[in-house]
Trainee: 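Once you've had a glance at the structure underneath, I'll fire off some questions.
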Amino acid sequence: MLATWTALALAVLSAASSAQTTWYVDVNAAPPGLGTQLAPYSSIQYAISRPTTLSGDTVLVLPGTYNENVNLLGKGIALRSLAGAALTTIDAQQQGAAVVIASGEVGASLQGLTLVNGSGASALGTTVGGGLFCSGTSPLILDCVISNCTATLGGGVGILGGSPLIQQSVIRDNIAVADFNAFIEGEGGGVFMQNAASAHIQDSSVLFNQCDGSGAGILAENSTLTLGVVSILDNSNFGFVFGFGGEGGGGLATFGGGSTIATNCTISRNRVEGAMLPTGGGVFAISPVTLQTCAIEDNDAGNSNISGQGGGVAGNVSLIECALRRNYADLAGGGAYGAFIDRSYVEQNCSFEGGGAYGCFIQDSFIRGNYGCSTASEDFGAGAHSSTLVRCVIEGNVVAGHGAGAVDSTLTDCDVLNNQANAAGPGFNSTGGGLRGGAATNCRIGGNSCSGDFSSTGQASAGGGAHSTNLVRCEVFANQAIGGTDPGFGGAAANCTLTLCSVFGNQASEGGGLFGGSADRCTLVGNQALSSTGGGAASAALASCIVRDNAPAQVLTSTVRYSNVQGGVAGIGNINSDPLFWNPATRDYHLRPGSPCINTGDPAAPLDSDGSRADMGAFPFDANYCTSPVSYCTAKTNSLGCLPAIGWTGSPTLSGADDFTLQASNVIGGRFGLVFWGYQPNATPYQGGLLCVYPPTIRTPAQLSPGSPGACDGSYSHAFTQAYMAQNALVAGQQIYFQWWMRDPGAFANTGLSNALAVTICP
């Protein structure tokens, strides 16, 4: 009978065990335990190893520190804590990896655990994955902390194949250190990936990890990595061993095949130093890395003893809508080295060559406030060096040396504004406040400066806007080359080649506009030389140019041919006539019909686009050219507190569509008004407002505004027809000015006034 009852009890127990899917573990339980809530197992590994623990089960771990190594043994279980990672720790005690998932565990997961003091699993001839080792599996790692672990490859996590997902986790304070016996450098301080792994890290942090090779935060080799909302912070490559050199990627490094995409990530305060050529303080990429809407800030490559490159990023990196700020590289590319940058901000980075960027392709981006900060005596290219820039703004960069905006770079459709090159010290000069070397096409180069040194050994600065640069169809304005013991040369440009450029409002000691070099079909207006008579140009070769209103004189010791020079100058084909600019007051130097500069340029110059002989100046005559109306002056606030506004539709042309109409809005309904016009602008007090058109003026017929007298819902409209323009003998290129006047019984002088409109009559 006893045997019968014993058999029955064992059968019942077996049935209960097979139905159980959650197994409990409590380090404080009496060993070994039964895995039930009332009699939990005392060891995690013991719980997993039980034959009754099957894939799909949950091993629920109670708070405490578990001094053991855990291997999931091919079981796709959910290993999770009851109270979270802060209260539940697996301490491997440097006896191997804290957790191993390497036997095809399908659906496995870790949740709410802290893994510490792991020393890695044996793989690839060394130790891999100090805290967590995954091989050929795709577990979910959720809400875990992996810290203070060590291995040669992957101090915190080692991933060999598979597709793990790491979410809401922290990987910190791990170290990848060299294996001297295997002659392998420590790589991937936080995470190491290899063997075509495909990992996804989301909403997590990788911080304060170290290695003596590459990828202190993360290293992905021949693998695919996706990062979303990940903070990669304060990781560092602290040195190099075995003489390999070239270590890189304080935050992230990639090698071999595969690719990495990071979105909404922060890569900050990472460092790579001590290598033969430390590269990529934040990111170093051989296989492609794409960073989207990421912040890459305060990363370093190199130090005062060993020069580095790519303080923020280096290599095969694409930045899209990113912020690249305050990164440092002693040698080259403080912000970026060799990267592709699109719609991003490159700001306040520094280096010896290319404080913002070196060897990069940059488009639709801002390169601002970068500077030279090397230990060298002179720096080159605070904004960019040896780069291609398209539709960029290069602004406010500062260098002690040369090319504050850019050096040896190719620019297209860029603004190069307010950059500053200063002498590095006694005996040094500065060149190229905006640009030095390279080429610029369709660019605006303005407000840049270079200055010399004031010591007894000081040398002259040269090229406030550009030095030794090929400029095509550029505006070069308000640049300076002044200051220093010796005079500054070339306010706009020194030793440059200019073609079809407008050069105005620049200043230097000698050659207010140009010094040296050549100008072909350019317009030089309103430049100033402070210590010579070369206000427009000095020691330059000019052909097919217009040189006007420079001070104290137009040219000095220059070769001039087929040009229109105010006051006249010796040389073949030169003239001295009013060039009939379209509107010099607004810096519009296009030629009006009848200009003496039309078809009088150098016969050897390329033909204009219409097939005719070259014109003089930067803007070949265009019979169809016209500018849009421009509003100016200030309206008078009416009795209802509204500002009447002038407007227009159509185009003020003498031919084509007869559709130019003057309008007024925001006026009181039910009131008479009219538009008046004249030939000069004005801004004098009148009837409690401003009279914006200089008398005498011409009035149009009065009209009644629709709307209510108690609201600003009224409007006016007047067609300014081609017949009316002909009646008043208006011609193409002529400037006229309009303003609306209206009755307003509640206002001072019972009148209202709109703002005004400047209109150029078009052909």
Trainee: Is it the case that the side chain of Thr114 and the backbone of Thr89 share a donor-acceptor pair, with hydrogens and angles ignored and the cut-off at 3.5 Å?
Mentor: no

Trainee: Enumerate the ring-ring contact (aromatic ring centres under 6.0 Å, His included) contacts for residues 45-96, please, sequence neighbours excluded, ordered by first and then second residue.
Mentor: Tyr41-Tyr46

Trainee: Looking at OG1 of Thr279 and CD1 of Ile286, how far apart are the two atoms once the value is rounded to the nearest 0.5 Å?
Mentor: 9.0 Å

Trainee: Take Leu54 and Lys75 through the side chain to side chain contact (heavy atoms under 4.5 Å, CB included) test and state the conclusion after the steps.
Mentor: CA-CA 6 Å; Leu54 305 174; Lys75 299 180 180 182; 5.9 Å; no

Trainee: Supply the atom-to-atom distance Arg368 CZ to Asn397 CG, rounded to the nearest 0.5 angstrom.
Mentor: 10.0 Å

Trainee: Going by the angle between their ring planes, with limits at 30° and 60°, are Phe366 and Tyr345 parallel, tilted or perpendicular?
Mentor: parallel

Trainee: What residue pairs, at least two apart or across chains, pass ring-ring contact (aromatic ring centres under 6.0 Å, His included) with a residue in residues 187-223?
Mentor: none

Trainee: Going through the distances and angles, do Gln292 and Ile261 end up as a side chain to side chain contact (heavy atoms under 4.5 Å, CB included)?
Mentor: CA-CA 8 Å; Gln292 298 177 321; Ile261 297 177; 4.3 Å; yes

Trainee: Who are the salt bridge (charged side-chain N to carboxylate O under 4.0 Å, His left out) partners of Glu297, not counting sequence neighbours?
Mentor: Arg325, Arg326

Trainee: Where do Asp379 and Val399 come nearest, in terms of heavy atoms and distance?
Mentor: O-CG2, 3.4 Å

Trainee: Would you please name every residue forming a side-chain hydrogen bond (donor to acceptor under 3.5 Å, both in side chains) with Asn174, sequence neighbours left out?
Mentor: Asn209

Trainee: Return yes if some donor-acceptor pair links the side-chain N/O of Ser169 with the main-chain N/O of Ser204 below 3.5 Å, else return no.
Mentor: no

Trainee: With a cut-off of 6.0 Å (strictly less than), are more than 12 heavy atoms of other residues, nucleotides or ligands near OH of Tyr24?
Mentor: yes

Trainee: I need the minimum non-hydrogen distance between Ala98 and Val116, along with the two atoms involved.
Mentor: CB-O, 4.4 Å

Trainee: Hey, does Val70 have a side-chain heavy atom less than 4.5 Å from the side chain of Val100?
Mentor: no

Trainee: Please report the interatomic distance CG(Leu79) to CD(Glu105), rounded to the nearest 0.5 Å.
Mentor: 11.5 Å

Trainee: Check for a donor-acceptor pair, side chain of Asn299 on one end and backbone N or O of Gly311 on the other, with a separation under 3.5 Å.
Mentor: no

Trainee: Rounded to the nearest 0.5 Å, what separation is found between the CD1 atom of Ile218 and the CD1 atom of Ile232?
Mentor: 4.0 Å

Trainee: Less than 4.5 Å apart, side chain to side chain, heavy atoms only: is that true for Ile146 and Val157?
Mentor: yes

Trainee: Could you give the distance from CG (Leu233) to OG (Ser205), rounded to the nearest 0.5 Å?
Mentor: 6.5 Å

Trainee: Check salt bridge (charged side-chain N to carboxylate O under 4.0 Å, His left out) between Asp364 and all other residues, then give those that pass, not counting sequence neighbours.
Mentor: Arg391

Trainee: Over all heavy atoms of both residues, which pair between Val289 and Ala285 is shortest? Give the atoms and the distance, please.
Mentor: CG2-CB, 3.6 Å

Trainee: State whether the side chain of Asp203 and the backbone N or O of Gln168 hold a donor-acceptor pair below 3.5 Å, judged by distance alone.
Mentor: no

Trainee: Does the side chain of Tyr328 come under 3.5 Å of the side chain of Asp330 through a donor N or O and an acceptor N or O?
Mentor: yes

Trainee: Determine the minimum heavy-atom distance between Val145 and Ala85, stating which atoms define it.
Mentor: CG2-CB, 4.1 Å

Trainee: I'd like to know whether Thr53 forms a side chain to side chain contact (heavy atoms under 4.5 Å, CB included) with Ile77, so could you lay out the CA-CA distance, the side-chain angles of the two residues, the decisive distance to 0.1 Å, and finally the verdict.
Mentor: CA-CA 8 Å; Thr53 302; Ile77 62 172; 4.2 Å; yes

Trainee: Testing the 3.5 Å rule here: is there a donor-acceptor pair between the side chains of Asn264 and Thr293?
Mentor: yes

Trainee: What side-chain donor-acceptor pairs closer than 3.5 Å can you find for residues 131-141, not counting sequence neighbours?
Mentor:
from: Thr137; atom 1: OG1; to: Ile101; atom 2: O; distance (Å): 3.0
from: Ser138; atom 1: OG; to: Ser163; atom 2: N; distance (Å): 2.9

Trainee: Below 4.5 Å, heavy atoms only, C-beta onward: do Leu110 and Val99 meet side chain to side chain?
Mentor: yes

Trainee: Can any side-chain N or O of Ser409 pair as donor or acceptor with the backbone N or O of Ser387 at less than 3.5 Å?
Mentor: yes

Trainee: Looking at Phe361, is its backbone amide N or carbonyl O close enough to the side chain of Thr388 to form a donor-acceptor pair, meaning the two atoms are under 3.5 Å apart?
Mentor: no

Trainee: Within a reach of under 6.0 Å around CD of Gln37, are more than 12 heavy atoms found that belong to other residues, nucleotides or ligands?
Mentor: no

Trainee: Name the one of Asn349, Asp298, Asn370 that satisfies side chain to side chain donor-acceptor pair (under 3.5 Å) with Asn327?
Mentor: Asn349

Trainee: Starting at CG of Leu87, measure out to OG of Ser81 and round the result to the nearest 0.5 Å.
Mentor: 8.0 Å

Trainee: I'd like to know if the side chain of Ser119 and the backbone of Gly96 have a donor-acceptor N/O pair within less than 3.5 Å.
Mentor: yes

Trainee: Pairing donors with acceptors under 3.5 angstrom, does anything connect the side chains of Asp342 and Gln363?
Mentor: yes

Trainee: State which residues pass side chain to side chain contact (heavy atoms under 4.5 Å, CB included) with Ser344; sequence neighbours excluded, sorted by chain then number.
Mentor: Leu319, Cys322, Ile341, Ser365

Trainee: Before you tell me yes or no, could you show the steps for Val177 and Thr150 under side chain to side chain contact (heavy atoms under 4.5 Å, CB included), namely the whole-Å CA-CA distance, both residues' side-chain angles and the distance that decides it to 0.1 Å?
Mentor: CA-CA 7 Å; Val177 64; Thr150 304; 3.8 Å; yes

Trainee: Less than 3.5 Å apart, which donor and acceptor atoms pair up between the side chains of residues 222-229 and the rest of the protein, not counting sequence neighbours?
Mentor:
from: Asn222; atom 1: OD1; to: Gly257; atom 2: N; distance (Å): 2.7
from: Ser223; atom 1: OG; to: Gln194; atom 2: N; distance (Å): 3.4
from: Ser223; atom 1: OG; to: Ala197; atom 2: N; distance (Å): 3.3
from: Ser223; atom 1: OG; to: Glu221; atom 2: O; distance (Å): 2.9

Trainee: Can you confirm whether or not the ring centre of Phe284 sits under 6.0 Å from the ring centre of Phe255?
Mentor: yes

Trainee: Could you tell me whether a side-chain N or O of Asn270 sits under 3.5 Å from a main-chain N or O of Ser268, the two making a donor and an acceptor?
Mentor: yes

Trainee: With side-chain hydrogen bond (donor to acceptor under 3.5 Å, both in side chains) as the criterion, how do Asn148 and Asn117 come out once you've worked through the C-alpha distance, each side chain's angles and the decisive distance to 0.1 Å?
Mentor: CA-CA 5 Å; Asn148 295 291; Asn117 294 324; over 6 Å; no

Trainee: What pair of heavy atoms forms the shortest contact from Ala151 to Gly129, and how long is it?
Mentor: CB-N, 3.9 Å

Trainee: How would you list, by chain and number, every residue that makes a salt bridge (charged side-chain N to carboxylate O under 4.0 Å, His left out) with Glu68, sequence neighbours excluded?
Mentor: none

Trainee: Closest heavy-atom contact between Gln93 and Asp91?
Mentor: N-OD1, 2.9 Å

Trainee: Has Asn235 got a side-chain atom pairing as donor or acceptor with Gln210's backbone, closer than 3.5 angstrom?
Mentor: no

Trainee: Partners of Asp234 by salt bridge (charged side-chain N to carboxylate O under 4.0 Å, His left out), sequence neighbours excluded?
Mentor: Arg269

Trainee: Got a sec, which pairs hit side chain to side chain donor-acceptor pair (under 3.5 Å) with one end in residues 248-262, sequence neighbours left out?
Mentor: Thr254-Ser287

Trainee: Mind checking disulfide (SG to SG under 2.5 Å) for Cys350 and listing every partner two or more places apart, or none if nothing turns up?
Mentor: Cys373

